[in-house]
Protein chains: 2
Amino acid sequence: MARRRQAVTIKHVAADAGVSLQTVSRVINNEPNVRPAMQERVQASIDKLGYVPSIAAQRMSGSRSYLILAINDRERTIADWRNRQGSDWVDQMLFGGMLKCAEHGYRMIFELVDTHNDHVERELGAAIAALQPDGVILTPPHSENPLITGFLAKRKIPFARIGSVTSGPGIAMTMDDEGSARRATEHLIALGHSRIGFIAGPKEYDLSNWRIDGWREAMTSAELSCDALCVRGDFGYDSGGLAANALLDLKDPPTAIIGSNDQMTLAALDAAKARGLHIPGDLSLISFDNTPVVRFTVPELTAVDQPIAATFSKAVELLITNGDALVPHQPVVIEGSLIERSSTAPPSAHGRA
Amino acid sequence: MARRRQAVTIKHVAADAGVSLQTVSRVINNEPNVRPAMQERVQASIDKLGYVPSIAAQRMSGSRSYLILAINDRERTIADWRNRQGSDWVDQMLFGGMLKCAEHGYRMIFELVDTHNDHVERELGAAIAALQPDGVILTPPHSENPLITGFLAKRKIPFARIGSVTSGPGIAMTMDDEGSARRATEHLIALGHSRIGFIAGPKEYDLSNWRIDGWREAMTSAELSCDALCVRGDFGYDSGGLAANALLDLKDPPTAIIGSNDQMTLAALDAAKARGLHIPGDLSLISFDNTPVVRFTVPELTAVDQPIAATFSKAVELLITNGDALVPHQPVVIEGSLIERSSTAPPSAHGRA
DNA sequence: TTGAAAGCGCTAACAT
DNA sequence: ATGTTAGCGCTTTCAA
C-alpha cells in the first residue's frame, strides 16, 4: 500500500494565504475572532487549492470525528438481505440519516452488531474505539439493550434509541405505533366497520404491544367489542395466514382486519382470497410498515407508513446539534401516516346487518 | 462537544506489557520479527485492556485508513429510496461489501455523488480528502465517467468499476449481462420456444446493449429470427407495457418475452393478463435483475439474478488484497444465474403450429 | 485579533 | 528481535 499523504493540507493553505495554521483552522471551524477580510482571504485560498480537512487529523487533535454511527442487529439485517423480501428498512435509514448528516458535513457509518451475544460490549467498543463517532443511533433490539445503552452512557457518547419509549440515557424516539394503530382503527370505524380484527406481532416486541394498545383504545372509545378479535402471529408470513383464518372462522367474523406488519397482512390477503372473499368488498385490510411489497399486491394495501427516514433524519439532527445539551425527557415522537390504497372500503351490506 | 480521548491507547498496552510502542504496533499489524513469547504477552495485554487501534491515528501515521468507499449516483439512489419500488441494489451492495470488509478489519462507507455535475471532481475529491479511503468502488454510471476514473487514477487510489468492461485504470467488473441474456434465451429455446421477444432498455446504458447482444446471439445460434422481436423501453413500468403490446400485436407474436429489467417485465405481465393471456400457458416471461418484486407477482417471475452482493464482495477483496499489484487486464466476470419460478413453460400447442 | 508551541495515537525509518 | 525518534494534519492551549 502506497504511503499516501494528504494532497492539500492546512499548511498549504496557510502558506498560500500568508497566515498561521491557527487562523486557517479558525476559518474552517467558523470560529469567532477572525476579521472578515482575513476570513475572506483564507477562504479564497481554501477554494483555490480545493482544500478539505482530513477527518482523521481533526479527530486526532481532539475535535469531532464528524461521524455518526448507526447500528442494526446483525442477524436480522443479514437475514433480510438474504431473503430479499423487499424490506427497505436499511434503505430508509440511510435515506434519512445519510442525507441529514451530509447537510451538516457529517458522515453516517452503518454497522452491524450482534445483540444476542455475550460480547456485545466488546464488539460495540471496537467500533467506537476504531471510529470515534460523535453520536450513535440504536435500532431495535439494541435500543433496549442495557449492555449497549449502559456502555454508551458510561463513555458519554450521545446516542438515540429508535423505537424505545423507556426513560434512561440517550434520546428515546418512537414512531408512535400506538397512535398509528389507533388512527388506522378509527379510519375503519369511520368507514362503517364495527367488527375489526387485529393480527398482532409477538409479545417480545414492545411495538407489537403498542400497536395492540392503539387498536384496543380506538375500539373501546367507539364502544366496540374486542372479544376474540386479536390473534397473535410472529411477524412471519405463515403465522399471518393462520391468524386470518382463525379470525374469519369466528361465528361473527370481522369485516376488516389490521395486520401488524406487511408479511402477515399479505398472508391474510392470500388467505381471504383463498376463501373466495373479495377485497375490499367482503373484507377490508390495513397493513403496517408500508414496505414496497404492499404496492404489488392486488389490490394494493392500505398501510400505516413507518416514518423511518424522518426518524433517522431527526435522530441525526438531535445528535449533531444537541451536543452536550440535555437529553429530552420525553420520547421524541415522529408520527406515521396512513397511506390509503385499495384494500379498504365500507363493509358490504350483505355482511352482518 | 466534550473533548473525547481514546480510552485505551497503544501506550497503555505498551506499559502494561512492559514493551515499547513499536512492539505493540508490530503485534497489531501482524508484522514479522516478533518472538512468539513476546507476541503472546502483548496480545494478552491487548485483550485484557480491550484495546482497539484508532483508525484515525493509523491513518495519520501514514498507514492504511481501513476504509473502502462505495459510491452511487446520488440522483438515482435517492429516487429509488423515495419511490420505494423495492429495488434492493443498495442492500445487496452493503450485504456483499460490508461483510467482506469486516472479514478484513475494514469498513465500507457508502456515499452519494452526482455524476451529471460540473464539479464531480470536487465532490469526489472532498470525500477522498476527508476519508482517505484505501479503495473505491464505482457503480454505474460513475464507472464510466472519465472525470472520476481519471481523478482516482491520478491520485493512485485503487478502485473497481462495477458494470464496466472497458479497459483503462481501475478494476473492470461485470455481471456478465450478455451471458445471462444468452442463457435466459437458451432456456426458453430449450423449452421449445422459437418466437422470443426482447424488451430492451435504453441504449444510453451499456448493459442494455449487452443484454440485447446475448439474446441475439442465442437466437442466431439456434437459427431463429430476431426480426421485429426487439423493442426498446426506458426501464420504466409504462414503457414495458407499450413494448409488450407492440410485440403481442405482431402478426406472428412471440410465445415468450424477456424483459430487460423487473419494472418493464412486470408491466409486460400486466399487459399480457389484460389481453386475457395466461402466464405461462400462453406466454412465458423472464425478467432481469431479480429484485424482490418478482416474488410477489402472480405467477412469480422466472428471472436472471444479478449477483450484486457477490460482485461487491469480490471488488472489496480485490481492492484489499491486491494492494499495489497489477490491475487485471481482463474484466472480472461474476456470472448471474437464472432463477426459475413459475412464469416459464413450454409453448402451448394451440399457439402456432 | 492573530500566532507559536505542544500534543493527539500511531507507524515508518532508523537505530541497536 | 526490539527500542527510539520523528512526524502525519489538525486543534487546543497559551502567549503576544
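The sequence lines fix the lettering, A, B, ..., with proteins before strands; numbering per chain opens at 1.
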**Prompt:** Could you state the NZ-C1' distance from B/K11 to C/dG7, rounded to the nearest angstrom?
**Reply:** 8 Å
**Message:** Using a 3.5 Å distance criterion without hydrogens, assess whether the side chain of B/H104 forms a donor-acceptor pair with backbone atoms of B/V316.
**Reply:** no
**Request:** Please state whether the phosphate of D/dC10, meaning OP1 or OP2, lies under 4.0 angstrom from any side-chain nitrogen or oxygen of A/Q58.
**Result:** no
**Asked** Distance-only, no hydrogens or angles: does the A/Q92 side chain make a donor-acceptor pair with backbone N or O of B/W81 under 3.5 Å?
**Response** yes
**Prompt:** OP1 or OP2 of C/dC10 sitting under 4.0 Å from any side-chain N/O of B/R59?
**Reply:** no
**Of the listed nucleotides C/dT11, D/dG9, D/dA1, the one nearest the side chain of B/R35** = D/dA1
**Message:** Has A/S143 got a side-chain atom pairing as donor or acceptor with A/L138's backbone, closer than 3.5 angstrom?
**Reply:** yes
**Request:** Starting at atom CG of B/N33, determine the distance to atom P of C/dA13, rounded to an integer number of angstrom.
**Result:** 15 Å
**Message:** Let me spell it out: for each of B/A57 and B/P36, pick the nucleotide of DNA chain D with the closest heavy atom. Which residue's pick is nearer the 5' end?
**Reply:** B/P36
**Request:** Using a heavy-atom cut-off of under 4.0 Å over every strand shown, decide if B/P32 touches base, sugar-phosphate, or nothing.
**Result:** nothing
**Side chains of A/L94 and B/L94 in contact at under 4.5 Å (non-hydrogen atoms)** = yes
**Request:** Report yes if some heavy atom in the side chain of A/V90 is under 4.5 Å from a heavy atom in the side chain of B/D88; otherwise report no.
**Result:** no
**Asked** Rounded to whole angstroms, how far apart are CD on A/Q132 and P on C/dG9?
**Response** 8 Å
**Request:** Whole angstrom is fine here: how far is it from CD in B/Q6 over to C1' in C/dC10?
**Result:** 10 Å
**Nearest-angstrom distance from the residue atom CD of A/Q39 to P of C/dT2** = 11 Å
**Message:** Measure CD1/B/I55 against P/C/dT11 and give the value in whole Å, please.
**Reply:** 12 Å
**Test item: A/R59 side-chain N/O and B/I55 main-chain N/O as donor-acceptor pair under 3.5 Å** = no
**Asked** For D/dC10, does OP1 or OP2 lie under 4.0 Å from any side-chain N or O of A/Y51?
**Response** yes
**Message:** What is the separation between atom CD1 on A/I46 and atom P on D/dC10, rounded to the nearest whole Å?
**Reply:** 10 Å
**Complete:** The correct set of residues in residues 15-30 of chain B placing a heavy atom under 4.0 Å from DNA chain D is B/V19, B/S20, B/Q22, B/T23, B/R26
**Prompt:** For A/M38 and C/dT2, what is the distance between atoms CE and C1' respectively, to the nearest whole Å?
**Reply:** 7 Å
**Message:** With a 4.5 Å cut-off on side-chain heavy atoms, are B/D134 and B/P158 touching?
**Reply:** no
**Prompt:** Which residue, A/A56 or A/E31, contacts DNA chain D at a nucleotide closer to its 5' end, judged by nearest heavy atom?
**Reply:** A/A56
